[in-house]
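Scroll down for the structure; my scribbles are underneath it.
These figures come from a predicted structure and were not determined experimentally. Below, read A as the first sequence line, B as the second, and so on, with proteins coming before strands; counting in each chain starts at 1.
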Number of protein chains: 2
Amino acid sequence: MPRYAFRIEYDGGPFCGWQRQAGGQPSVQQAIEEALARLEPGAHRIGAAGRTDAGVHATGQVAHADLAKDWDPFKLMGALNWHLKPAPVAILACARVADDFHARFSAHERRYTFRLMARRAPAVLERGLVWQVAHPLDLQAMQAGAAYLIGRHDFTTFRSVMCQAESPVKSIDEIRIEELPCPGGQEFRLHLRARSFLHNQVRSITGTLERVGAGAWAPERVKEALEAKSRAACGPVCPPQGLCLTGVGYPSDPFAG
Amino acid sequence: MPRYAFRIEYDGGPFCGWQRQAGGQPSVQQAIEEALARLEPGAHRIGAAGRTDAGVHATGQVAHADLAKDWDPFKLMGALNWHLKPAPVAILACARVADDFHARFSAHERRYTFRLMARRAPAVLERGLVWQVAHPLDLQAMQAGAAYLIGRHDFTTFRSVMCQAESPVKSIDEIRIEELPCPGGQEFRLHLRARSFLHNQVRSITGTLERVGAGAWAPERVKEALEAKSRAACGPVCPPQGLCLTGVGYPSDPFAG
């Protein structure tokens with residue numbers, strides 16, 4: 001059966017996350033599997049690089065599925081987008097890939113962006129796409145706090161107690177924080193890049209850095225929290241709606257050419 | 001009665017436009033006037049710099065209203081935002097202004113941004129905030145077409161037949177078009193700046209420039225259309241949801257300091 005890779009965008013708001021749940025709540029995986037079943041009857045299985053949580057968005061999720069027919073990738077993309085409507089899920093690219101391509105296990109890099117708005121007036125146009133706090137934040141302080149997290153560390157402090165990864169040791173390659181113009185306030189974007197992340201790692205880091213930006217934590221306390229290797233040392237885990245999986249890296253780009 | 005100026009953000013999607021309509025459809029003006037009535041009982045009247053159409057958004061609308069009480073502007077902003085919920089309208093700034101300040105007549109500049117997405121896959125995260133076309137667009141061609149519209153011209157071609165302005169002569173100070181990264185396609189932002197605009201002028205210009213970007217019109221045809229001074233020479237008027245009023249200029253910034 002030919003294997004296809006998909007680059008996928010979705011609004012995580014109405015979903016219980018990427019992954020199908022036993023309770024039958026709507027998941028992104030289920031929405032795409034049902035669209036695949038409209039093209040080729042029967043059960044389908046699509047596996048993604050990042051199993052995003054409820055409410056988390058994506059502009060660069062990657063997943064793969066096997067189909068019976070030899071589809072033209074461009075037509076397959078169009079047909080899936082047609083059947084996905086009106087769900088807020090879009091296939092941005094589609095490619096035929098080798099049988100041993102695996103969206104999750106072949107990936108060597110995940111990129112996330114977290115949007116954090118700091119202003120008193122409620123987010124209106126960006127509602128559901130940002131985490132909002134009502135007080136100003138200090139960019140330099142957040143950058144100083146983030147610097148302690150770059151590199152290979154035991155991230156026990158910054159992972160969910162439900163995390164199923166065997167080891168809490170991960171390497172974070174980049175945490176770049178930029179400030180963008182925002183009418184009536186501030187908007188920050190935190191860009192994180194790593195081979196892989198632990199469960200709730202990005203939201204644990206962002207929630208902690210927000211405390212630093214607010215002045216409640218000195219930047220050095222991030223280092224102490226990391227070294228404590230204790231979940232209790234983490235700042236508050238922030239809500240999901242500011243988070244977006246923006247890209248997944250592979251040894252060779254499945255969508256190139 | 002003390003006069004207050006407000007800087008306002010709104011999602012135009014659920015509204016019939018800024019202005020109250022006789023039919024009683026929800027308008028942004030009505031939403032704010034009703035919030036004012038929660039603070040000071042009785043009828044209120046708020047006047048805006050730009051009477052945006054149905055579906056058009058704002059991040060920098062400016063309006064003024066007279067109130068009986070001597071409000072602290074910061075507290076007034078918070079109280080209005082509280083009473084505006086859950087309508088997608090937010091007061092970003094509030095200031096006490098001179099009695100002769102008039103949001104519309106004191107303004108000497110309006111700035112609009114139009115977001116135009118060119119890709120096959122449907123807009124998901126930006127749904128309702130962009131106008132989407134399915135074919136690629138040429139940035140340089142759109143810039144060349146736009147250049148013919150800069151300066152003082154008779155814009156009869158580019159205004160609605162319903163436009164109530166006495167004269168079709170307007171000066172456009174700037175049309176800056178930038179291309180931004182967009183997963184799976186292109187995004188363009190058209191930034192337009194003028195003392196004032198005619199009814200449907202921005203959407204008439206954007207719809208025409210899209211034809212140029214698509215290659216259906218040569219850039220020079222924009223010049224011919226302008227010189228024809230005929231509504232029939234205009235390209236198709238584009239839909240409202242990509243349009244946003246981003247700012248209004250005054251001789252002195254009412255919100256400074």
Original post:
What are the two closest non-hydrogen atoms of B:L125 and A:D11, and how far apart are they?
Top reply: CD2-CA, 3.8 Å
Subject >> Option that, when pairs with chain B are counted at under 4.5 Å, heavy atom only, ranks first among A:P122, A:G247, A:A123 >> reply: A:P122
**OP:** Give the minimum heavy-atom separation between A:P86 and B:R127, together with the two atoms involved.
**Re:** O-NH1, 3.6 Å
Original post:
In terms of heavy-atom pairs under 4.5 Å with chain A, which of B:G184, B:P183, B:A90 leads?
Top reply: B:P183
**OP:** Among the options A:K85, A:E9, A:R7, A:R120, pick out the one with the most heavy-atom pairs lying under 4.5 Å from chain B.
**Re:** A:E9
**OP:** Please say whether more than 12 non-hydrogen atoms of neighbouring residues, nucleotides or ligands are located less than 6.0 Å from CZ in A:R51.
**Re:** no
**OP:** Between chain A and each of B:L80, B:N81, B:L84, count heavy-atom pairs under 4.5 Å; write down the option with the most.
**Re:** B:N81
Original post:
Hey, mind stepping through A:R119 and B:L92 against side chain to side chain contact (heavy atoms under 4.5 Å, CB included) and telling me if it holds?
Top reply: CA-CA 9 Å; A:R119 75 172 191 191; B:L92 303 188; 3.2 Å; yes
